[in-house]
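Below, read A as the first sequence line, B as the second, and so on, with proteins coming before strands; counting in each chain starts at 1.
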Number of protein chains: 2
Amino acid sequence: MQPTAVTWAVLGLLGIKPMSGYDIKAAVDRTIRHFWAASYGQIYPELKRLEEGGWIAGTDADRGGRARRVYRITAAGRRRLEGWLHGYETRIEMRDESLLRLFFADTLPPGEALGLLAARREGYRMMLAYLRSLDDGEGADPPFVDLVYRWGLDYCEWGIAWCDRQERRLRRAL
Amino acid sequence: MQPTAVTWAVLGLLGIKPMSGYDIKAAVDRTIRHFWAASYGQIYPELKRLEEGGWIAGTDADRGGRARRVYRITAAGRRRLEGWLHGYETRIEMRDESLLRLFFADTLPPGEALGLLAARREGYRMMLAYLRSLDDGEGADPPFVDLVYRWGLDYCEWGIAWCDRQERRLRRAL
DNA sequence: TAGTGCATGTAATGCGTTACATGATTTC
DNA sequence: GAAATCATGTAACGCATTACATGCACTA
């Protein structure tokens, strides 16, 4: 059982509590998808792989005729998860179309180029609004779950301020 | 000619000056790769596609026996590029393994979990050092090329400060 | 009874990297 | 003469999304 990119997202979530594939997808979308997305097309095959490898175990929990397979992490799986948690690689891959556009903006008239900065700020604002909408007000997330949520909020706020600052600077300079 | 993800990186670079595939790869690695990577396996086929579509034109500039094909953007290509520059999507895709690890850190003993924050800060530091090493001191990049370079530096500095702040906060709280 | 949510899964397609093959030229 | 750099390209593979197929249960 060779771990791939999805492995840790799925295994990590099952480390919190037993879940079905459907639950996992929902949890990903609710929590980590802005920095680690996963689709059904990855999750269901991965659950099979993880079960074959003995890292998780599934049971058919049938809730009134509706098929539902719930997986829980095994002891072996938990050992693997902890091994990964102790790893120290910090690979970040990013694909940011708005930065790419900014990079090529020198050929545009100054006013339009500055408009791209405003558009970027707007992108941050939308992401911020989205993240805030996820906060269900029930509070009491575990400290590191909360920490990562804060990262999203703080990053957006930083980004908005950065665009403001740079827009002012360029407006003076151009 | 249906544009894909690589299209704009390649076309944008050719919008600055004529280049060979090799040059483009080098330019990507020197400038935009931390938020928009591209490999030979994408660049060479894309150059063919762009040429077939009439967005760029290639000429065999042979520099003493060594084969070298230099491409320049056409008028049609420049129109397309400008159309894209005026677009306002701000899609950001990120895959940040260190954030994923932090998200699942609640099962670790507090000291080890805080170690992950320190590891993240170290990641920012390394990226910052890498970005600074790119600055050849020759200065005088066009304003928006410089802007995006600054973004990288500022983002790393913000990230380092964020990790510091959160580490202090959690140390008090845990 | 229509719409939404729960629930599982696969096939086709596209995106992107890695590794390889090939060979000339320049620099030490 | 060895090593680095310039230069082009492809094949195999892996990663990820999208779209589709299927069907039950709950609720307005």
Task: Carboxylate-amine/guanidinium proximity below 4.0 Å for A:R150 and A:D141 - done: no

Open item on the list: Under 4.0 Å from OP1 or OP2 of D:dG9: is there any side-chain N or O of B:R69 that close?
Closed with: no

- [ ] Side chain of A:Y40 only, please: which of D:dA16, C:dC6, C:dG9 is the nearest?
- [x] C:dG9

TODO: Between D:dG9, D:dA16, C:dC15, spot the one nearest the side chain of B:Y71, thanks.
DONE: D:dG9

- [ ] Please report, rounded to the nearest Å, how far the P atom of D:dT8 is from the CD atom of B:E51.
- [x] 12 Å

Task: Whether A:R120 side chain and A:S98 backbone form a donor-acceptor pair below 3.5 Å - done: no

Task: Atom pair distance, as rounded to whole Å: CD1 in A:I43 and P in D:dT17 - done: 9 Å

Open item on the list: Check B:K48 with B:E51, please: is the shortest side-chain N to carboxylate O separation under 4.0 Å?
Closed with: no

Task: 5′-ward residue of the pair B:S20/A:V6 relative to DNA chain D - done: B:S20

TODO: Using a heavy-atom cut-off of under 4.0 Å over every strand shown, decide if A:K48 touches base, sugar-phosphate, or nothing.
DONE: sugar-phosphate

- [ ] To the nearest Å, give me how far apart CE (A:M19) and P (C:dT8) are.
- [x] 12 Å

- [ ] Whole angstrom is fine here: how far is it from CD1 in A:I24 over to P in C:dC6?
- [x] 15 Å

- [ ] Rounded off to whole Å, could you give me the CG-to-C1' distance for the A:D29 and C:dC6 pair?
- [x] 14 Å

Task: N or O in side chain of B:T4 less than 4.0 angstrom from C:dG14 OP1/OP2 - done: no

- [ ] Select one nucleotide: of C:dG16, C:dT8, D:dT10, the one nearest the side-chain heavy atoms of B:Q42.
- [x] C:dG16

- [ ] Find the distance B:D23:CG to D:dA7:C1' and express it as a whole number of Å.
- [x] 9 Å

TODO: Round to the nearest Å and state the distance from B:K25 atom NZ to C:dT18 atom P.
DONE: 9 Å

- [ ] Remember a base hit wins even if backbone is also touched, and classify B:S39 as base, sugar-phosphate or nothing at under 4.0 Å, heavy atoms.
- [x] base

Open item on the list: Using the side-chain heavy atoms of A:Y44, tell me which of these nucleotides is nearest: C:dG9, D:dT10, C:dG16.
Closed with: C:dG9

Open item on the list: Under 4.0 Å, heavy atoms only, any strand: does B:G21 hit a base, just the sugar-phosphate, or nothing?
Closed with: sugar-phosphate

Open item on the list: On the nucleotide D:dC24, are OP1 or OP2 found under 4.0 Å from the side-chain N or O atoms that A:R68 carries?
Closed with: no

Task: Length of the line joining B:E93:CD and D:dT17:P, which is rounded to integer Å - done: 8 Å

Task: Short side-chain donor-acceptor distance under 3.5 Å, B:Y155 and A:Y155 - done: no

- [ ] Tell me what A:A26 touches on the nucleic acid: a base, only sugar-phosphate, or nothing, going by heavy atoms under 4.0 Å.
- [x] nothing

- [ ] Inspect the contact between B:K25 and B:D29 and indicate whether a charged nitrogen and a carboxylate oxygen are less than 4.0 angstrom apart.
- [x] yes

Open item on the list: Please identify which of these residues, B:F144, B:W84, B:W8, meets the side-chain contact (heavy atoms from CB on, under 4.5 Å) condition with A:F104.
Closed with: B:W84

Open item on the list: Just N and O in the side chain of B:Y22: are any of them under 4.0 Å from OP1 or OP2 of D:dC6?
Closed with: yes

